[in-house]
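Right, one structure below, let's go through it.
All of these numbers come straight from a predicted model, not from anything done at the bench.
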Amino acid sequence: MSTLLTVHDLSLRFNEQVLLDHASLALDEGQRVGLVGRNGCGKSTFLKVLTGEQSPDTGTLTSRRDLVIGCLPQECPLESEKTVAENIREGARHVLDLIEEFESLPPDSTRHAPLEERIMALDGWGLDHRIAAAMSHLNVPDGNRRIDTLSGGERRRAALCRAIVSRPDLLILDEPTNHLDTDAIDWLAGFLDGFPGTFLVVTHDRWFLDRVTSHIVELAGGRFYTYEGNYTEYLVGKAEREAREQAAEERRQAFLRRELIWIRSGVRAQRKKVKSKVDHYFEVAAQSGPEVETEMELVIPPPAQLGNRVVELTGVGIELGGKRLFRGFDLAFEHGRRVGVAGRNGLGKTTLLRLILGQLEPTEGTVKVGTLTEFNYVDQGRLQLNEEHTVLEAVSDGTEFVLFGEQRLSLRGYLKRFLFTDERIKTQVKYLSGGERSRLLLARILKRGGNFLILDEPTNDLDLPTLRVLEEALIAFPGVVVVVSHDRWFLNRVCTDILAFEGDGRIAHSVGDFDYYLEKRARAAADQADAEREFKAALEPKTKPAARRRPRKLTWKETEELAGIEARVLEAEAEVTRIETLFANPDFHRTHGPQTNELMTELATAKQTVADLFARWEELEAIRVQAEP
């Protein structure tokens, strides 16, 4: 395996912030690398170093000759006056140049063979097909539209399409899943599975990292730490590394305590040896211990008590601009429910939220809101921040305290729980990183309280540690949570229910997490396919059976197993029915809410047991039937 690119001993500092501290990293051919780290640690800046947009203070970058790099940066590099199609094709400029040169050559040129070989290696003749497929799966706007007419999300998807169609040697993607729905993310993961080159991806989507990566590189304290495996394996490896570092630090501190006692004893003999020992003490004392990551302590003010009626939707449907988004939808929200809303963009997810909030009137049906229900809505656009305000001014609204029930918390103390130090609290908004802005917006919005939280894409731009803390806060929240998200890991961790917009006006309600919803949908699709196959088989003419071999008979042990397997199946099915009955109970969230994840695991295990028993039953029964005269 050859090395595509190497960075050695890189250092980069912005003012007092050290982003790279003598950091080194090598990217090998065929690697699938996920780059992780806290917001503001320097990930995007490092990507700029790789693409030549940013020069390090010290260090070297060495790449393979003629290395072709494709990149999706945070700021979309699109030309506003050109169309979507023109911008996307420019992403494959190196391929287009090869094709143009090939087509301009005279018939007797010796360049034909090497050029055609290079074009075929880049699948240049299939470029138009790749562009059309990527635009379709990523829901990119019409190719004839000008870039300056697109929304931010549409520009982002066009830029992603531009980056991936060129088949570069090294593909660099900075937050590629932002503004993509779950179907598009799934397609992108499949695309990267078959990508022939090397890619480096920065993303906060943990499901995506788990699916596509072979290595995780963490940027922390200006250094790179490389782990083999996907995101889950990285978490295990990081925990082991931190345990080793902590054990080494404990040994260092124990050494310093022992040596300090010795030094203070005032030993005078063997002065040369004493000096060496004292020098070693100060050398060890000058070393720094492992950097301890500070976790955000997300605070959601305790909500007021909800009434018996929270929000009830009965037969709700809506039509906008002559297009019917959905109809006949029923749902009653209850205490403790955390409802995840998922589905392709443009099917009506945000419209449903606006119906619940009373910002829109339904075309049909009713929306009834309880008298004690207090909404707190975090929309996709979030609140606008005044660039000239400091962090403290952005949250204060003229007050110095945040109310928590009957208690008060100072604004400074509140902001520190969102990882804003005293220095950053005084910083103007325009100097904040993207992650700091997201934390500030969460702090400002959640300060308003409410017992019915509605969050529209809250995970965008949050780093992984902050996402974990947000998940814990929402799980512990005693009110109602409705969250629109395409982050599968987040939906699986937080949600007790899923509302899936499936297209054609359908909204599927499923109790459980997102993976369970997908499992049920796949099972329903398989059942439908089986029914269609059986129907076709019934219409086909019967063929003469092939000559049968002499069948074997059941052993005595297999006979005993077959005799008792029906009872085992009934027992396993009863367990499945028991758990599904709990989920179907209207009081489930009140009586069993904290046990949701545990019950989901038990249900999956019970269903697998049923499936295994049926498979074994069919196997043994087939042997028995074949052995009969």
Side-chain angles (χ1 to χ4, degrees), residues 2-5 27-32 47 50-53 63-73 75-150 154-174 176 184 187-201:
S2 62
T3 298
L4 290 183
L5 183 147
L27 295 177
D28 294 331
E29 201 172 51
Q31 277 190 329
R32 280 98 166 83
L47 299 189
L50 293 184
T51 57
E53 296 178 58
S63 62
R64 194 181 71 185
R65 185 179 178 184
D66 299 327
L67 178 70
V68 177
I69 298 178
C71 183
L72 172 71
E75 299 82 20
C76 302
L78 302 177
E79 298 182 56
S80 299
E81 69 280 2
K82 290 187 177 180
T83 66
V84 170
E86 289 170 339
N87 270 279
I88 291 173
R89 287 182 67 82
E90 277 303 307
R93 173 45 55 192
H94 65 291
V95 179
L96 296 174
D97 288 343
L98 291 172
I99 293 174
E100 288 172 6
E101 182 184 353
F102 179 84
E103 292 177 342
S104 67
L105 290 174
D108 58 347
S109 174
T110 58
R111 289 274 294 155
H112 273 118
L115 271 177
E116 185 170 21
E117 183 179 351
R118 180 62 176 154
I119 292 170
M120 291 182 68
L122 294 170
D123 192 22
W125 307 123
L127 177 61
D128 289 335
H129 173 73
R130 288 205 311 279
I131 290 176
M135 289 179 67
S136 173
H137 286 289
L138 296 176
N139 196 23
V140 175
D142 185 272
N144 294 319
R145 287 182 60 184
R146 280 170 54 107
I147 292 297
D148 53 14
T149 68
L150 304 185
E154 290 171 331
R155 289 173 64 95
R156 185 74 180 168
R157 293 196 293 276
L160 172 60
C161 190
R162 171 190 170 115
I164 68 175
V165 297
S166 64
R167 296 187 69 153
D169 303 311
L170 173 60
L171 179 60
I172 298 174
L173 301 174
D174 196 351
W187 179 85
L188 180 60
F191 172 86
L192 292 177
D193 280 344
F195 182 69
T198 300
F199 66 76
L200 174 66
V201 57

With sequence neighbours excluded, tell me which residues meet side chain to side chain donor-acceptor pair (under 3.5 Å) with [X].
| X | answer |
| --- | --- |
| Arg118 | none |
| Asp174 | Ser44 |
| Asp108 | none |
| Thr198 | none |

Can you list everything that forms a salt bridge (Lys or Arg N to Asp or Glu O under 4.0 Å) with [X]? Sequence neighbours excluded, please.
| X | answer |
| --- | --- |
| Glu53 | none |
| Arg156 | none |
| Asp97 | Arg93 |
| Arg155 | none |

Could you tell me if the side chain of [Y] sits less than 4.5 Å from the side chain of [X], heavy atoms only?
| X | Y | answer |
| --- | --- | --- |
| Leu47 | Pro73 | no |
| Leu50 | Leu200 | yes |
| Leu192 | Leu171 | yes |
| Arg89 | Asp128 | yes |
| Asn144 | Val84 | no |
| Ile88 | Val140 | yes |

Residue set satisfying ring pair (Phe, Tyr, Trp, His ring centres under 6.0 Å) with Phe191, at least two apart, ordered chain then number -> Trp187
Mind checking what makes ring pair (Phe, Tyr, Trp, His ring centres under 6.0 Å) contact with His112, not counting sequence neighbours?
-> Phe102
How long is the straight-line distance from [atom2] of [Y] back to [atom1] of [X], given to the nearest 0.5 Å?
| X | Y | atom1 | atom2 | answer |
| --- | --- | --- | --- | --- |
| Asp193 | Arg32 | CG | CZ | 7.5 Å |
| Leu188 | Arg157 | CG | CZ | 13.0 Å |
| Ile172 | Leu27 | CD1 | CG | 8.0 Å |
| Arg162 | Ile131 | CZ | CD1 | 11.0 Å |
| Leu115 | Ser109 | CG | OG | 7.5 Å |
| Glu79 | Asp148 | CD | CG | 12.0 Å |

Mind checking side-chain contact (heavy atoms from CB on, under 4.5 Å) for Ala132 and listing every partner two or more places apart, or none if nothing turns up?
-> none
Please list, chain by chain and in numerical order, all residues satisfying side-chain contact (heavy atoms from CB on, under 4.5 Å) with Ala85, sequence neighbours excluded.
-> Thr83
Does CD in Glu117 sit with more than 12 non-hydrogen atoms of other residues, nucleotides or ligands closer than 6.0 Å?
-> no
Judged by atom type as modelled, is there a donor-acceptor pair below 3.5 Å linking the side chain of Arg64 to the main-chain atoms of Asp169?
-> no
Correct closest heavy-atom pair for Ala134 and Cys161 would be CB-SG, 3.6 Å
